[in-house]
Amino acid sequence: MTVLAFNEVIKTFGGFTAVGGLSFSVPQGQVFGFLGANGAGKTTSLRMALDILRPTSGEIEVMGAPPGRAAADKIGFLPEERGLYRGMTCLGVVTYFGRLKGMSAGDAKARGRALLDRFGLGDWARKPVQKLSKGMAQKVQLAAALVNSPRLLILDEPFSGLDPVNQRMLEETILEMARDGSTVVFSTHVMQHAERLSDRLLMLAGGKKVFEGSQTDAQRLLPGRVLLTAKGEPKGLPGVQGFTALSSSDGWTDWNVTLKPGAEPGDLLQACIERGFALRNFETRRASLHDVFIALVGAPKDAMAA
Amino acid sequence: MRRILLVAQREYLQIARTKSFWLTLVLMPALFLIMPLIASLASPKDTSSFFIADPSGRYAAAIEQRLAFDHQRQILSALAEYATRWDLRAKAADAVWDDGARSFSDEEVRAFVAGGGFRKALQEAGPLGPDVPKFIPPGRTLFAVPVPADVPATQGVEAFRIAAVDHLAGEQGDANPVAAAIWIPADFGPAGSPARIWTGPSGADEIVEMVRRELNAAVRADAAKNAGLDAATAQRVLDATAPVTISAPPRGQGRERMMLQSALPLGIAYFLLMSIFVSGAWLLQGVIEERSNKLLEAVLACISPTELMYGKLMGIVGIGMTVVVVWASCLVGGALLAPGNIAQLLGPAIASIQSPWLALALIFYFVTGYLISAMIFLAIGSISDSMSDAQAYLTPVMMVQTLPFIVLGQLINNPDATAAKIMSWIPIYTPIAMLARMGGGVETYEVVGTSILLIAFVALELFLLGRVFQASLLRSGQPPRIGQFVRMMFARRGS
């Protein structure tokens, strides 16, 4: 079942096109990474999915229906810019968001308390938000997003501003949600998080999709590489596009071999064995998401932050 | 609707939990309580005294008699006012005190005193009703005191002046200082020496006026006698007054009735202004908190901007009504527990609202006036990132909004003036203008017409506010200029 689908969605602000003809779909239970540099259109796309913004053209479906507050009861959302009602208690804020999402006061309170306990804030439940540290407040914000046990969890740059401990906690929460059958859509420009979490990826640049697929698919976009240590030169071996010597010692040379597009390292190894090509070491090197992102999008400063 | 009520409840509770809310709730009734005290402390002293040296031996006694006589005049005026207020009637046809408060001639005062004064008048009026308070005659305010021992009254005017001036200066700081020293020489008269009056630093206008009036009367009496008139004729000449008949509306009618009927609408208008100022600030803070704390995106994922706006409006209207109900209850409760001037005004003022339609109109104008202002505050809050941003918009808006309060006096006194009528048809001024004019009576078509216009304006304002709310909530950067603000009103939803 498709939980979120964009079909040729365009969003313009005045003369500026923030999202240009975006199409993708997210099946249920997937962790879907939305990658792009700042200003790529990630937040605008997520806001359209939440009906905070309306598309200029195109169609969006959220759980089989156009975006609207009717689906809000099944959606959890953690915005990039986060805040809390400073005068309310932690439990009060979480309960309030639960009730806005259609829960009864009792259920929202019970679930809120359970989440705060889980995030180590049980003793702070009755204390006002303004007394919390930033890290604690971030956990309360996450609890408010999760209070309704959402079928679709949308996280906009969820890791920004989090310390490593809270980043780990959030990653575990995302994976747990996915294991429980929820769909998670998150945006980020930090590739490591996407690599660790995403089942599928969508890369945006200038409001347009430049890639959609699995991590393996993304890595296949760039030529594979092999590091091998051999007696001779890898010239003429099948699948080899190019090679450079890295170092030599006792007649053995370390080679950095670039494979032709579509060539598999396994085929190269097989050819080496069949031809009696003397090998002492054979290491495959996959392209990282970072490499793919740079190759597809370029190297904007913020994308290099990872 | 459930979400709107949730937002309204949160807004209400958030404000109701603040110290400023409770302070405001308590402060106004406290001011009602202490205002009479402040007024009494700020009012001039009740009594004033002087001493008089009269080597001629002719005038001091007459002046003292005049003091007693003028006191009787004050009692007669107070009794006439009391009789009008409580509808008392004299049995005697020639009684002067049951014909309304006015300026009484010496002849009338003499007749009043000769007839037994206020005690006799009250006896004639018969038993007072159960709601009629007892008549308390005003106390005497001017007193002549003996010449102090340190002031020589028989050593000539210069010795008197030096000692009297010192004495008057030395009296300052006393609770009831002597206000004037008077010297009437032995040869006082048009051809002789003048009377001298020295006043203390606090002034003694009333004393000077009274002495001058009495000495004038004495000089004129002498002149009449010198002209050959006998004493009785001279007195008649001096007492003669021009016959003027003044026609005024019957008791309880005319201006008096208008003022009475204006009291409640005016009170509501003032409550409206105060509650707008007070709750408007809370409303602004609430919206700005959501913007500056970056809460809005999370909230808007659960609830539409329009629902959020309605919820906030409902919450703030609830707060405003709470404030007004508490203030009004304190006022009425206080008036009932401590009868006084307010209680005497409040009962008849409420009684004067005889028609349920009039009561409905008062409530309607209050609620719509409150809504119009609350929506303006909400719009300002939705485009401001901080209270200082909001202040830039708020100052001119409040100046425009408070215009009717500046001309409130003219609206009450001249409810049918063209300016008052025009103001009644300008929606942002309609509630205050109509509330102010209602005491004087307005035409039915004006009430109906302005009400329809007001409802249409509130609906339009709600629609435009929804557009502004939608367009501005997630906006960042500098607050919009007027042109951008107008474009927001007409922008497509979600753009």
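This is a predicted model, so every value here is computed, not measured. Per chain, numbering begins at 1; letters A, B, ... match sequence-line order.
- Side-chain contact check for B:L300 versus A:F77: every heavy-atom pair is 4.5 Å or farther apart.
- Atom CG of A:D123 is surrounded by 12 or fewer heavy atoms from other residues, nucleotides or ligands within 6.0 Å.
- With contacts defined as side-chain heavy-atom distances shorter than 4.5 Å, the pair B:Q9/A:R99 qualifies.
- Distance check, rounded to the nearest 0.5 Å: CZ of A:F97 to CD1 of B:I303 gives 10.5 Å.
- Nearest heavy-atom pair across A:Y85 and B:V299 is OH-CG2, 3.5 Å.
- By the 6.0 Å contact criterion, NZ on A:K109 is open, its count of non-hydrogen atoms from other residues, nucleotides or ligands being 12 or less.
- Taking a 6.0 Å sphere around CD of A:E176, one finds it holds more than 12 heavy atoms contributed by other residues, nucleotides or ligands.
- Considering all non-hydrogen atoms of both residues, A:I52 and B:A301 come closest at CD1-N, 4.0 Å.
- For A:T43, the part lying near chain B is the side chain, with the backbone staying farther off; criterion is any non-hydrogen pair under 4.5 Å.
- By the 6.0 Å contact criterion, CE on A:M1 is enclosed, its count of non-hydrogen atoms from other residues, nucleotides or ligands being greater than 12.
- Contacts of A:M48 with chain B are absent, with no heavy-atom separation under 4.5 Å from either backbone or side chain.
- The shortest side-chain heavy-atom distance between A:R47 and B:E297 falls under the 4.5 Å cut-off.
- Atom-to-atom distance recorded for A:R86:CZ and B:L295:CG is 10.5 Å, nearest 0.5 angstrom.
- With chain B as partner, the option from A:A145, A:G102, A:A144, A:G76 having the largest number of non-hydrogen pairs under 4.5 angstrom is A:G102.
- Between B:R2 and A:L100, the shortest heavy-atom contact is NH2-O, 4.2 Å.
- Within a 6.0 Å sphere centred on NZ of A:K127, heavy atoms belonging to other residues, nucleotides or ligands number more than 12.
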